[in-house]
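Atom set for the values below is all heavy atoms of this structure, side chains included, hydrogens, waters and symmetry mates excluded. Here is the naming used below: chain letters follow the sequence lines, and residue numbers restart at 1 for every chain.
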Protein chains: 2
Amino acid sequence: MTLTNRKVPMTSNTDSRNGPIERRSLHDDVVARVRDMIVTGELPPNSRVPERIICEQLGISRTPLREALKVLAHEGLLDLPPNRGAVVTPLTVEDVNETFEVMGALEALSGELACARITEEEVLEIRSLHSQMLLAYKRGDLPEYFRLNQQIHEAILTASRNHTLQSSYYTLMGRVRRARYMANLSPERWKQAVEEHEDILDALTNRDGARVARILRTHLKNKAEVVKESLLVQRPGEEGGEPPTRSAERGRGIRP
Amino acid sequence: MTLTNRKVPMTSNTDSRNGPIERRSLHDDVVARVRDMIVTGELPPNSRVPERIICEQLGISRTPLREALKVLAHEGLLDLPPNRGAVVTPLTVEDVNETFEVMGALEALSGELACARITEEEVLEIRSLHSQMLLAYKRGDLPEYFRLNQQIHEAILTASRNHTLQSSYYTLMGRVRRARYMANLSPERWKQAVEEHEDILDALTNRDGARVARILRTHLKNKAEVVKESLLVQRPGEEGGEPPTRSAERGRGIRP
DNA sequence: CTTTGCAAAAGTGAATGCAATATGCATAAT
DNA sequence: ATTATGCATATTGCATTCACTTTTGCAAAG
């Protein structure tokens, strides 16, 4: 649970591994760690994030934590009302709508760019991931299906050769990733998603950028529906993770 | 130059204006102020940003400044190598390429959404801005043209009714806005841009989302070319503003 | 029984202090 | 002359402290 075991002052990490000296700042670790706590639901929506509690959990002082909170607030994962402490931003249906509209445009762009820039090796790699994904689908292995699914989209994003696009996409994904929509994938929708992936692979093989873009956008629009349903279905308290303080109980978990 | 004149400790702003109580944190002011310093070129690309200097300029302590620096680094305006201080991220041609590709997709989306959601009043407002912009064009008033141009694009973005889209767009704009490309608008390109705007207004009036999207994307692609040329033309030291330390002179201002 | 007033407690916002790291320069070695 | 080395200085990273705001608990009034 703690990033470090020592309470004594320290600056950078003193790892004794070889290779290029990895100089990460404590701050970056904290951003990643707290973001993870939010995305996984360890810090549920609407729960307060008292600095002192988190500081003790992570074994750090308030300064680096506060720097991290500002960044996460900028990412949209936290609200920071003045003098009232950080609150995990709840995910509304409207948020999901907006975010998926933007992600749809970005993913369409990634498909289009990828068609122009992807290498033959990368197409083969995606084809391999696709085959594995089909197997996971056929045996009903939902978690594995999701994992491979995500890998395929990441591979397309990588092939777009646009880091700005990638980071924008991942930031948005971080916001909606908190919704636990996996269980909401109906057999019909699952089948449809697999078919869409068949089309994507086909269009990608033919380097048909416009078609890849079109399918990806539709694909994401359908996914948005699944995610939205999951928000409506879930009850407060079901999102997993224990509230760090009693204050969290006041929140409704997911705002309708 | 300073945000506050007092050196005494203070928390929130004690403005005595009426209306909804505006509670801005010092931190947010600092983010905005330093971002402005970067965008306007007061802090030129590649210049170091020593905490102490900026603190004295703004009349604040290091803590809020450091929090602001983290956020700006996250926005991509600063690099923060560990223990070596903040450096203003230089804008490369590649950055501009990437950013405009993404902005093109976002602006196309905004046009499409706007067509579906814009009110008649908003169309009239844009038509008014467009007329004023035409006048500015005809009398060769470049600054006024740019201002109205930007207002039109903002109006379309607003009409898209998607705050996530808006904030994503503005973040990306902040990165490329540092390039001073105004002077690089050739008469031919200017004429072309005006014609494109005619088309945009026409398509918007007819609520032809696909067409607005297509034109906006082309429009932005052309703009990207203008911005890229400005990067190649500019010499180091021309970006305005004095480096806060001699260290800045080491930088090349704009990386080719 | 509810509401209001106020004081104590808790928590945030910002400033300061201290240890660790990087930087610059003088000096020495090749 | 050029490169390496050691020390002094400057600057950053984080912890701690102080100041201020909000919340909370409780008592008294309505």
Inset, instruction - Any pair with a residue in residues 165-176 of chain A that passes salt bridge (charged side-chain N to carboxylate O under 4.0 Å, His left out), sequence neighbours left out, goes on the list, sorted by first then second residue, please. - result: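 Residue pairs with at least one partner in residues 165-176 of chain A: there are none.
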
What's the [atom1]-[atom2] distance between [X] and [N], to the nearest Å?
X	N	atom1	atom2	answer
Leu65(A)	dA14(C)	CG	P	15 Å
Glu67(A)	dG13(D)	CD	P	8 Å
Leu80(B)	dA22(C)	CG	P	15 Å
Leu69(A)	dA14(C)	CG	C1'	15 Å
His27(B)	dA15(C)	NE2	C1'	17 Å
Glu56(B)	dA10(D)	CD	P	13 Å
Asp79(A)	dT12(C)	CG	C1'	16 Å

Legend entry - N/O donor-acceptor pair under 3.5 Å between Arg117(B) side chain and Ser160(B) backbone: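 Answer holds: yes.
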
Legend entry - Sidechain-backbone polar pair: Asn184(B) side chain, Tyr181(B) backbone, donor-acceptor under 3.5 Å: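 Absent.
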
Inset, instruction - Tell me yes or no: between the side chains of Glu94(A) and His163(B), is some donor less than 3.5 Å from an acceptor? - result: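 No.
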
Inset, instruction - Give, for atom NZ of Lys223(A) and atom CD of Glu107(A), the distance between the pair rounded to the nearest 0.5 Å. - result: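 Taking NZ in Lys223(A) and CD in Glu107(A), the distance rounds to 7.5 Å.
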
Could you run down the sub-3.5 Å N/O contacts of the protein with nucleotides 9-11 of chain C?
none

Legend entry - salt_bridge(Glu225(B), Lys221(B)) N-O dist < 4.0 Å: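 So Glu225(B) does not pair with Lys221(B) through a salt bridge.
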
Inset, instruction - Choose from dC14(D), dA15(C), dA14(C) the nucleotide whose nearest atom is closest to any side-chain atom of Ser61(B). - result: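 Among the listed nucleotides, the one closest to the side chain of Ser61(B) is dA15(C).
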
Legend entry - Contact under 4.0 Å: Arg62(A) side-chain N or O vs dT12(C) OP1/OP2: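 So the side chain of Arg62(A) is outside the cut-off, no N or O lying under 4.0 Å from OP1 or OP2 of dT12(C).
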
